[in-house]
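Note sheet for the following structure.
Labels below follow one simple rule: chain letters A, B, ... track the order of the sequence lines, proteins then strands, and each chain is numbered from 1.
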Protein chains: 2
Amino acid sequence: MSSTIDPNHMLPRYYQLVTILREKIDAGEWQPHEAIPSERQMEALYGVSRTTVRQAVGLLIRQGLIYQLHGKGTYVSPRKLQKGLVELTSFSEDMQQRGLKPGQRILELAVVDAPEKVRQHLELPPEVTTVTMLERVRTGDGQPIGLQTSYLNLPPGAELTRAELQERGSLYAILQEKHHINLVAADETLEVTVATPREALLLEVPAGSPLLLSERVLWTNERQAIEFVKILYRGDRYRYAVRLTR
Amino acid sequence: MSSTIDPNHMLPRYYQLVTILREKIDAGEWQPHEAIPSERQMEALYGVSRTTVRQAVGLLIRQGLIYQLHGKGTYVSPRKLQKGLVELTSFSEDMQQRGLKPGQRILELAVVDAPEKVRQHLELPPEVTTVTMLERVRTGDGQPIGLQTSYLNLPPGAELTRAELQERGSLYAILQEKHHINLVAADETLEVTVATPREALLLEVPAGSPLLLSERVLWTNERQAIEFVKILYRGDRYRYAVRLTR
DNA sequence: TAGTGGTCTAGACCACCCT
DNA sequence: GGGTGGTCTAGACCACTAA
């Protein structure tokens with residue numbers, strides 16, 4: 001709960017300023033549509049250069065917390081625009097944000113020949129013929145929400161075990177912490193489909209029920225496609241939210 | 001098709017540099033995962049400061065065209081990550097990007113009492129009791145794609161006529177050019193539903209067919225909610241695409 | 001005219017990667 | 001050690017808004 005900037009801190013100064021400003025906004029110290037101090041005032045207030053102020057301000061603008069009007073000032077966004085609807089999240093994070101306890105039932109974990117559709121999405125080179133396939137029923141507060149099928153192009157030597165998955169829950173946490181793979185972006189498509197008998201059974205809905213189908217390609221910080229994941233969501237229990245900007 | 005920066009040009013230098021770099025990437029002058037000149041090299045190449053180079057580079061990174069690795073360099077993203085999947089677009093722009101000719105059939109255009117749900121989404125003040133309601137069947141290459149219902153909180157005096165809409169096609173173009181309202185962000189949710197008899201008739205599908213329901217709140221550059229839009233898309237003719245980032 | 005954000009410069013030092 | 005991106009400074013001028 002600091003409100004000054006420490007030049008010797010581990011974190012960069014612009015990021016310390018981001019934290020200070022976000023805390024004030026979250027605490028309601030400035031109301032929506034109210035002007036916050038100008039860039040030159042913050043320069044003096046926090047003892048940093050205007051460039052550094054603008055770096056912090058730019059980040060908060062991209063996160064939707066504040067906005068600027070040329071010649072007028074910098075203002076707090078209305079609360080609806082403050083919620084980060086746009087970020088790349090795992091299923092587990094997604095459920096937690098919705099206030100549901102994430103859970104899973106692992107149906108299958110195996111190394112398989114890559115289907116053609118998966119080859120294309122992951123842009124597999126010819127010498128790679130197999131991928132790791134993981135099928136899970138995902139739950140929120142114990143209720144089935146989605147049927148998830150992942151195809152992973154893991155680096156040689158990297159392996160995935162049921163035990164790890166059971167323990168950690170989140171696949172992304174394992175990739176990040178154990179294999180040092182950073183996921184930074186994803187391309188996702190959404191469409192409508194209806195449940196096959198098998199899907200209906202697993203999701204506990206009548207066969208033919210409408211489902212939301214998400215297909216996602218995940219990219220590492222080096223922009224290699226590493227995972228292609230399909231999630232079939234129950235139409236009655238899931239709503240997808242995004243923020244779009246110009 | 002310039003490849004130098006003109007200091008006296010109308011456009012800012014960083015933006016001229018963005019254009020130059022984008023043209024080279026689009027032309028395939030640099031291949032995916034190939035390094036482009038370093039920031040200090042571009043400083044010399046284009047006669048601008050490193051700050052300006054970084055401003056251009058940052059914009060292209062946020063658009064997904066390039067990425068940077070600390071201590072290594074700046075690289076071209078693979079093509080799949082170059083397509084802008086994330087931007088706020090109107091239905092007309094959306095159809096054009098998909099290579100379909102956008103069309104519409106106006107069902108209703110009227111000033112109505114604002115329903116409670118609309119009041120909440122638009123955050124209407126108590127003194128505002130009415131909104132402009134516009135219902136249209138949207139088509140792609142003449143085929144029905146979606147049933148769109150818009151609720152607009154227009155500024156006093158601003159009016160919308162069928163003639164304008166028929167002529168311009170795009171509501172956003174009218175708001176922008178005639179009323180100088182800039183739409184800069186939107187919050188959108190997507191879910192699955194099934195067609196009522198009326199919806200089925202208008203969309204030319206059997207009653208009970210699965211549909212994709214989009215609900216969108218549009219924000220101006222001053223972060224006022226100005227439009228609440230519902231679009232019911234035919235499940236068999238529409239797929240939604242987004243790019244997510246960390 | 002004064003204050004705001006938008007653009008731009010010419011430096012500097014640090015952290016990281018590779019040889 | 002030399003090159004890369006990441007952070008930061010102390011200025012400057014311009015474009016826009018409002019009184």
message: Can you measure A:Ile66 atom CD1 to C:dG5 atom C1' for me and round it to whole angstrom units?
response: 12 Å

query: Do any side-chain nitrogens or oxygens of B:Thr74 fall under 4.0 Å of OP1 or OP2 in D:dG5?
result: yes

task: Take atom CG of A:Leu11 and atom P of D:dT7, then tell me their distance rounded to the nearest Å.
output: 11 Å

Would you tabulate the side-chain donor-acceptor contacts of residues 168-175 of chain A under 3.5 Å, counting partners in other chains and residues two or more places apart, or write 'none'?
residue  : atom : partner  : partner atom : Å
A:Arg168 : NH2  : A:Glu177 : OE1          : 2.5
A:Ser170 : OG   : A:Tyr172 : N            : 3.3
A:Ser170 : OG   : A:Ala173 : N            : 3.3
A:Tyr172 : OH   : A:Glu227 : OE1          : 3.2

task: Quickly work out the A:Arg13 CZ to D:dG6 P distance and round it to whole Å.
output: 18 Å

Distance in angstrom units between B:Leu69 CG and C:dC17 C1', rounded: 10 Å

- request: Using a cut-off of strictly less than 4.0 Å, decide whether B:Arg54 has a side-chain nitrogen or oxygen near OP1 or OP2 of C:dC8.
  value: no

message: For A:Glu159, I'd like to know if atom CD has over 12 heavy atoms of other residues, nucleotides or ligands within 6.0 Å.
response: no

Whole-Å gap separating P (C:dT9) and CD1 (B:Ile5): 9 Å

message: Quick check for you: among C:dT7, D:dA18, D:dT7, whose closest atom lies nearest to any side-chain atom of A:Lys72?
response: D:dA18

query: Can you list the residues that meet the side chain to side chain contact (heavy atoms under 4.5 Å, CB included) rule with A:Pro126, with sequence neighbours excluded?
result: none

task: Would you kindly give the CD1-to-P distance between A:Ile61 and C:dG6, to the nearest whole Å?
output: 7 Å

- prompt: Do B:Glu43 and B:Arg54 meet the salt-bridge criterion of a basic N to acidic O distance under 4.0 Å?
  reply: no

query: For A:Glu29, what residues pass the side chain to side chain contact (heavy atoms under 4.5 Å, CB included) criterion, not counting sequence neighbours?
result: A:Lys24

query: Whole-Å distance between D:dC14 P and B:Met10 CE?
result: 15 Å

field: side-chain N/O B:Gln55 vs C:dG6 OP1/OP2, d < 4.0 Å
entry: no

message: Suppose we screen for salt bridge (charged side-chain N to carboxylate O under 4.0 Å, His left out). Which residues come up paired with B:Glu164, at least two apart in sequence or across chains?
response: B:Lys178

message: Can you see if the side chain of A:Ser38 gets near the phosphate of C:dT4 - specifically, an N or O under 4.0 Å from OP1 or OP2?
response: yes

- prompt: Rounded to whole angstroms, how far apart are OH on A:Tyr14 and P on D:dC8?
  reply: 8 Å

task: Among residues two or more places apart or on two chains, list those pairs meeting side-chain hydrogen bond (donor to acceptor under 3.5 Å, both in side chains) that have a residue in residues 119-130 of chain A.
output: A:Glu116-A:Gln120

task: Using a cut-off of strictly less than 4.0 Å, decide whether B:Gln68 has a side-chain nitrogen or oxygen near OP1 or OP2 of D:dG6.
output: yes

message: Treating primed atoms plus P, OP1 and OP2 as sugar-phosphate and everything else as base, which nucleotides of nucleotides 10-15 of chain C get B, S or - for protein heavy atoms under 4.0 Å?
response: B-BB-B

